[in-house]
There are 2 protein chains.
Amino acid sequence: MSVRERKERERANRHQLIVCTARELAESDGWDAVTTRRLAERIEYSQPVLYSHFRGKREILGAVALEGFAELTGALRAAAKGPAGRGTVAALARTYIGFATDNPALYDAMFSLDNGLPFAEESTPAPLQEAFGVLRDHLADYAHPDEPGLFVEAFWAALHGLVTLTRAGRLPAERLPDRLTLLVDRFVSR
Amino acid sequence: MSVRERKERERANRHQLIVCTARELAESDGWDAVTTRRLAERIEYSQPVLYSHFRGKREILGAVALEGFAELTGALRAAAKGPAGRGTVAALARTYIGFATDNPALYDAMFSLDNGLPFAEESTPAPLQEAFGVLRDHLADYAHPDEPGLFVEAFWAALHGLVTLTRAGRLPAERLPDRLTLLVDRFVSR
DNA sequence: TCGATTGTCTAGCGGTGCTAGGATTGCCGC
DNA sequence: GCGGCAATCCTAGCACCGCTAGACAATCGA
């Protein structure tokens, strides 16, 4: 039985190797450069091996995205340690933007590209729901009591808009912190 | 001389035909379906003809996007006829979201995909600057007088975030109008 | 030890953006 | 009217893409 276990362990390792390599490659050269051929070469296996782990390129993207959600949740949790209030909301927003700018390819896999993950459904993976939950817990105080979800969604959308427009070169990056402050003021005022 | 003029006219017509066909194809089947082969077949020319008009696929995207900016400007101008105030801002926001949902592929060409157009520079094409100008003119009243630009950019980013997250399936579409109202309230209050 | 199963690779399919080079067209000066 | 020439367009092909069928080797169980 030990042989079987070893094989499963090796297979799991290779699975993780694929995900890590895809992420590295995407972060250094962009997702366009993450082709099955290049990826296979990096992990030193042939392309078909990739398809014995994932249904296709999209599923690899989804696996990378899932990693991202776990990391984002951790980062947001760490930023939300302080007392409830405007300062914490600002810290959450800064953390979110920081995560996106530090891991652009990862962020794309999570929110911009088609990763096949279900959003806003009961089948939504746990790491994904948790990240949203952290935001909701610390923003609910400022929302209309009947609709905390709507408020968080709107705030999240605003952050996401800032991220995407900035990185696509639609907004100059220099004033990003100022836009962020302005946004937090608007959402947390009163 | 008339012959030369006719040729130039025909060439301009074909140029426009390419742009229109690309847009139609994208709107009906998505930008992934807009390949040089399909596009060439639709306009009943061979692929190399496309490259005598545009440097490549990206430049075709840019041409379509430019059309979009002109149309968006027109739509926003029409929506801004009324008196300054919350109602007009709400109308502008609704118009923006409506434009994006009615022309998803066009919107992608303008704001999500890589179209090669320069943003926020002196060389930014006029139709693009105008669209932003309409928003600025009607939002300036609510901004900090020193930084009207920042305010408009943040508002625009929030709208853009709503659009992209909704169409990517990250936010359920049903409550989009409610999120929009919430957003306008936050930006226009006080 | 031998058959069956599992795992991996080679080779190839139809598709992509893009381009070199030949063929054809139609204009112009004679 | 006609030959030379330039502009125009198309055929054919490059290297690459995601993905897969089928051959082959290695390993396992009887």
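Lettering follows sequence order; numbering is per chain, from 1.
- The nearest whole Å value for the distance from the OH atom in B:Y51 to the P atom in C:dC18 is 4 Å.
- For DNA chain D, the neighbouring residues in residues 24-43 of chain A, judged by any heavy atom under 4.0 Å, are A:V34, A:T35, A:T36, A:R37, A:R38.
- In this structure, NE2 of A:H53 is placed 16 Å from C1' of D:dC19, rounded to the nearest angstrom.
- Mapped onto DNA chain D by nearest heavy atom, B:R11 and A:Q47 fall at different nucleotides, with B:R11 at the one closer to the 5' end.
- A salt bridge links B:D108 and B:R167; the closest N-O separation between the charged side-chain nitrogens and carboxylate oxygens is under 4.0 Å.
- Here B:E153 does not pair with A:R175 in a salt bridge; the nearest charged N to carboxylate O distance is not below 4.0 Å.
- Looking at every heavy atom in both residues, B:A78 comes nearest to B:K81 through O-CG, 3.2 Å.
- A:R14 has a side-chain polar atom (N or O) that falls below the 4.0 Å cut-off from OP1 or OP2 of C:dT8.
- For residues 55-65 of chain A, proximity to DNA chain D is found at A:G56, A:K57, defined as any non-hydrogen atom under 4.0 angstrom from a strand atom.
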So if I define the base as every atom that isn't primed, P, OP1 or OP2, how would nucleotides 20-25 of chain C read as a B/S/- string at a heavy-atom cutoff under 4.0 Å? B-----
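- In this pair, A:H15 and A:F54 present their aromatic rings tilted. The plane angle is within the 30 to 60° band.
- Remark: C1' of C:dT8 and CD1 of A:I18 are 13 Å apart, rounded to the nearest angstrom.
- More than 12 heavy-atom neighbours from other residues, nucleotides or ligands sit within 6.0 angstrom of CD on A:Q16.
- Here D:dT20 presents its P atom at 12 Å from CG of A:L50, a figure rounded to the nearest Å.
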